[in-house]
Amino acid sequence: MTPVWLFLAQRLTALILAPLVIAHLAMILIVADGGLTAAEILARTRGSVGWGLFYGTFVLAAAIHGPIGLRNVIQEHTPWRGRSLDAAMLLLGGLLATLGGRAVVAVVGEP
Amino acid sequence: MPQRANQTVLDVVTWIQRHAEPALAYRFACRVGVCGSCAMTVNGRPRWTCRTHVSRVARERRLRIEPLRNLPRLKDLAVDMTPFFEKWQRAQGRFTPTRTRAEPMAAVRPDSAPRRAADAGIECINCGVCHAACDVVGWDPDYLGPAALNRAWTLVNDVRDGDRHGVLKAASAGGGCHSCHTHGSCVEHCPVGINPTAGIAGLKRQSLLDLVGGGLP
């Protein structure tokens, strides 16, 4: 993947992440303030296509955005370059998507 | 050393070499801000020393003069400019002609948008001040730097150039325009008032347009 594609992917995922992060943080504050229990939260999220899409998109965008940024930081501050770095970042993206995906399934999926 | 009216930092360095330290190595040629060879770090900032008045930069009558940052030091105040110019070549910062000398000169409207964009960056004197001022150049040895990318931007906008796609490709490859953090140190320090950050932003934009098919003609 060329640097132009990576640049574009990182900007696009940033555009997606910005409102999702704000909504996610706002939700945490509201939920914590409102004193909702885990069971009450799960009752709202289980089987919900909307929440599935919301957090599914969130996880996917973060899994793409994070490794690209980390790759830039590593290239700027260490001599690590080339295929091994690209492979490590792909692995990290896969790991983020897997762990995040599991969390989404746990919150949205029916028991 | 004697203080004189309108004394420049280059005057100071020259006085030191002539009167105090004959072995001092430094570089200069024109002394009037045209050749771009006398850049040094003066009190922590990269500057063209021939056009920098001592009265403007001395702090409590003290000057600390060092070689340019981000380039290997050869001796004393002279740095090796080879990596700087190698990056110009890597960014394809050279004109590719499309006509021979037997053909008439190309007619380019001075007020056309591409020509104006090229004109905005064309007066670079290759002094290396922006290269020394750039944090990203300091971090990432692969980064082409503001001067090489500014040169690439002038060529991308030069309708006479025969390989504008090649220039854009070279300038947006690894270590190219997309590595710029838009800190603006190059703009802040450029002695001739060029805005390389704007040119680099133009390269980013143009490379994205090229990607989606709306790029260079």
Side-chain angles (χ1 to χ4, degrees), chain A residues 1-25 53-54 56-97 100, chain B residues 69-70 72 83 87 90-92 131-146 148-149 152-153 156 164-183 185-186 197 199-216:
Chain A
M1 196 176 246
T2 66
V4 191
W5 275 110
L6 292 175
F7 180 83
L8 183 64
Q10 208 194 13
R11 266 62 190 175
L12 287 179
T13 49
L15 278 176
I16 295 167
L17 281 170
L20 298 186
V21 168
I22 291 171
H24 178 64
L25 290 176
L53 275 175
F54 181 96
T57 313
F58 198 137
V59 163
L60 212 62
I64 296 170
H65 186 86
I68 297 175
L70 185 63
R71 182 176 172 272
N72 289 342
V73 174
I74 289 172
Q75 283 186 336
E76 278 168 7
H77 296 283
T78 77
W80 194 9
R81 298 276 187 288
R83 296 177 83 104
S84 63
L85 175 61
D86 293 346
M89 292 304 109
L90 273 172
L91 218 66
L92 176 67
L95 186 71
L96 288 175
Chain B
R69 270 177 77 218
N70 298 341
K87 285 178 175 179
R90 241 182 73 211
Q92 204 176 316
H131 198 78
C134 177
D135 285 333
V136 185
V137 172
W139 298 331
D140 182 358
D142 291 340
Y143 179 48
L144 293 172
L149 290 170
W153 178 238
V156 163
R164 294 157 73 200
H165 280 282
V167 176
L168 191 59
K169 210 174 149 196
S172 55
C177 59
H178 298 292
S179 298
C180 170
H181 281 235
T182 327
H183 288 163
S185 291
C186 51
T197 307
I200 296 168
L203 285 170
K204 288 177 181 172
R205 195 170 54 241
Q206 196 65 57
S207 67
L208 289 178
L209 286 174
D210 247 29
L211 204 62
V212 294
L216 293 174

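The structure presented is a predicted model; accordingly, all values stated were derived computationally and were not measured.
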Would you list the atom pairs in which one atom of chain B and one of chain A form a donor-acceptor pair under 3.5 Å?
| residue | atom | partner | partner atom | Å |
| --- | --- | --- | --- | --- |
| D140(B) | OD1 | R81(A) | NH2 | 2.9 |
| D142(B) | OD2 | R81(A) | NE | 2.6 |
| H181(B) | NE2 | E76(A) | OE1 | 3.2 |
| H181(B) | NE2 | E76(A) | OE2 | 2.5 |

Value for CG (L8(A)) from CG (L12(A)), rounded to nearest 0.5 Å, stands at 4.5 Å

d(I16(A) CD1, I64(A) CD1) to nearest 0.5 Å is 7.5 Å

For L91(A), the side chain to side chain contact (heavy atoms under 4.5 Å, CB included) test, sequence neighbours excluded, returns none

Contacts of P72(B) meeting side chain to side chain contact (heavy atoms under 4.5 Å, CB included) (sequence neighbours excluded), chain-then-number -> D80(B), P83(B)

Quick note, salt bridge (charged side-chain N to carboxylate O under 4.0 Å, His left out) partners involving residues 56-68 of chain A, not counting sequence neighbours, are none

P67(A) side chain reached by L90(A) side chain, heavy atoms, under 4.5 Å | no

